[in-house]
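All values reported here derive from a predicted model rather than from experimental measurement. Basis for what follows: all heavy atoms, side chains included, without hydrogens, waters or symmetry-related copies.
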Amino acid sequence: MDQDNSEDESVGPSEDPSEEELPCVPAEISDGDAMEMLWQLRSERRQSSPELPETVTRLTAPDGSLLYLVGTAHFSDSSKQDVATMIRAVQPDVVVVELCQYRVSMLKMDEITLLREAKDINLDKVQQAIKQNGLMSGLMQILLLKVSAHITEQLGMAPGGEFREAFKEAGQVPFCKFHLGDRPIPVTFKRAIAALSLWQKARLAWGLCFLSDPISKEDVEKCKQKDLLEQTMSEMIGEFPALHQTIVAERDIYLTHTLRHATRCVEDPRTTRKVPAVVVGVVGMGHVPGIESNWEKQLNINEIMSVAPPSRFGWVLRTVIKGVVAGVLGYACYRAGGTLGRALLSSPTVLSLLETLQPPAALSQQ
């Protein structure tokens, strides 16, 4: 498997005996013959008219390439099964998932580690989010992580299982490439925050801070039909159309763009001729209607990649916080004495905090 837009990682053979594994290639065979053998093997395994689960939509590109779009629930085992079923059935040339380079780490973690990480929101994570996204966007990211952590704790399931399943299954398909298809999350958060007024930011933050509703067994079952995380977020941001536009609608456009880019003819290594590609896309089911409606439209992603400069309010808030921190540290130094005060100011924690409150570097335009 070739993995694009993320770090390389070998995928070992599955322990499930029901899964087909790649055959051993004889050592004496030439590279050309080995390539032809694997291409032929994939052609034999590929089903031209597979039975589609209810969550799968088939879209066709102008050049005849096919996209099998799997709509998933981020906290559902049945979604993982749908992903595995489609990849095994169509033996795709490319698998595209709803992740960006900032979230690719979830492909490398096991369920236990992810459960622990999702529940453990500490100072280091807050500082990293602020450094990466700026003060307001970083704090909003932490609040959204809190929502995900709440669902994780209630269900006892880590999010993103369908993406890890796609990554594993793609590794069993000869010549299959793995693409990250989502817009970089710093862009999404910064555009979302910029679209809200000060009052709307306060209301949204209040709602996220005090999210504590229990999730029942019936809700768990509903995960099999709808994405509980996206449903929860949709209910919370329903009062903020601008937020829905940046978090959902704009990402629909970006995902459509990357899926169309992946769904293009590929080269047959035996003849060097271009042939229609087969692609499997794995996205939250909340994005499926938007991708379908955008599939044949002319799209301009430059409009949804721009980030406005930091607002005056953000600058004022950051300055106030820095002033408060400096005042507290100054008073502590006065009370502690010169030597101890200098030691306190030079401590890694204090330096890290002050660095975090510096204005973030502008995102490079993509």
Are [X] and [Y] close enough that some pair of their side-chain heavy atoms sits under 4.5 Å apart?
X: Val97; Y: Phe167; value: no
X: Val173; Y: Ile87; value: yes
X: Ile291; Y: Leu255; value: yes
X: Pro53; Y: Asp82; value: yes
X: Thr57; Y: Tyr68; value: no
X: Glu169; Y: Val83; value: no

For the residue pair His261 / Arg264, report whether a side-chain donor-acceptor contact shorter than 3.5 Å exists.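 Yes, side-chain donor-acceptor contact under 3.5 Å.
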Mind running salt bridge (Lys or Arg N to Asp or Glu O under 4.0 Å) on Lys274 and Asp268 for me, showing each step along the way? CA-CA 6 Å; Lys274 295 289 186 179; Asp268 184 338; over 6 Å; no
Above 12 or not: heavy atoms from other molecules or residues under 6.0 Å from CD of Glu267?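 More than 12 heavy atoms, drawn from other residues, nucleotides or ligands, come within 6.0 Å of this atom.
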Greater than 12 external heavy atoms within 6.0 Å of Glu51's CD: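 Open: at most 12 neighbouring heavy atoms sit under 6.0 Å from CD of Glu51.
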Measuring from atom [atom1] of [X] to atom [atom2] of [Y], what distance do you get when rounded to the nearest 0.5 angstrom?
X: Leu69; Y: Leu66; atom1: CG; atom2: CG; value: 12.5 Å
X: Arg88; Y: Arg45; atom1: CZ; atom2: CZ; value: 11.0 Å
X: Leu99; Y: His179; atom1: CG; atom2: NE2; value: 13.5 Å
X: Lys190; Y: Ser306; atom1: NZ; atom2: OG; value: 12.5 Å
X: Asn300; Y: Met305; atom1: CG; atom2: CE; value: 11.5 Å
X: Glu165; Y: Thr85; atom1: CD; atom2: OG1; value: 9.0 Å

Please find the pair of heavy atoms, one from [X] and one from [Y], that lie closest to each other, and give the distance.
X: Ala170; Y: Cys176; answer: O-CB, 3.7 Å
X: Phe163; Y: Val282; answer: CE2-O, 3.5 Å
X: Lys297; Y: Ser293; answer: CE-O, 3.1 Å
X: Tyr102; Y: Pro184; answer: CE1-CB, 3.8 Å
X: Ala61; Y: Thr263; answer: CB-O, 3.6 Å
X: Ser65; Y: Cys265; answer: OG-N, 3.6 Å

I'd like to know if the side chain of [X] reaches the main chain of [Y], judged simply by a donor and an acceptor atom lying under 3.5 Å from each other, with no hydrogens or angles considered.
X: Arg42; Y: Pro174; result: yes
X: Trp295; Y: Thr60; result: yes
X: Thr256; Y: Asp252; result: yes
X: Ser79; Y: Glu162; result: no
X: Thr258; Y: Gly181; result: yes

Test: Arg251 and Asp182 ion pair at under 4.0 Å: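 So Arg251 pairs with Asp182 through a salt bridge.
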Under 4.0 Å between a side-chain nitrogen and a carboxylate oxygen: does that hold for Arg191 and Glu250?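 Between Glu250 and Arg191 there is a salt bridge, with a charged N closer than 4.0 Å to a carboxylate O.
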Check the pair Val70, Val280 against side-chain contact (heavy atoms from CB on, under 4.5 Å), reporting the backbone distance first and the verdict last. CA-CA 7 Å; Val70 186; Val280 171; 4.1 Å; yes
Check the pair Leu180, Phe178 against side-chain contact (heavy atoms from CB on, under 4.5 Å), reporting the backbone distance first and the verdict last. CA-CA 7 Å; Leu180 306 176; Phe178 191 86; 4.1 Å; yes
Please name the residue in the list Val94, Val95, Val90 that meets the side-chain contact (heavy atoms from CB on, under 4.5 Å) test with Val279.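 Result: among Val94, Val95, Val90, Val94 is the only option passing the side-chain contact (heavy atoms from CB on, under 4.5 Å) with Val279.
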The test is side-chain contact (heavy atoms from CB on, under 4.5 Å); show your working for Phe175 and Asp93 and say whether it passes. CA-CA 6 Å; Phe175 306 104; Asp93 299 285; 5.7 Å; no
What residues form a side-chain hydrogen bond (donor to acceptor under 3.5 Å, both in side chains) with Thr188, not counting sequence neighbours?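 Per chain and number, Thr188 pairs via side-chain hydrogen bond (donor to acceptor under 3.5 Å, both in side chains) with Arg183.
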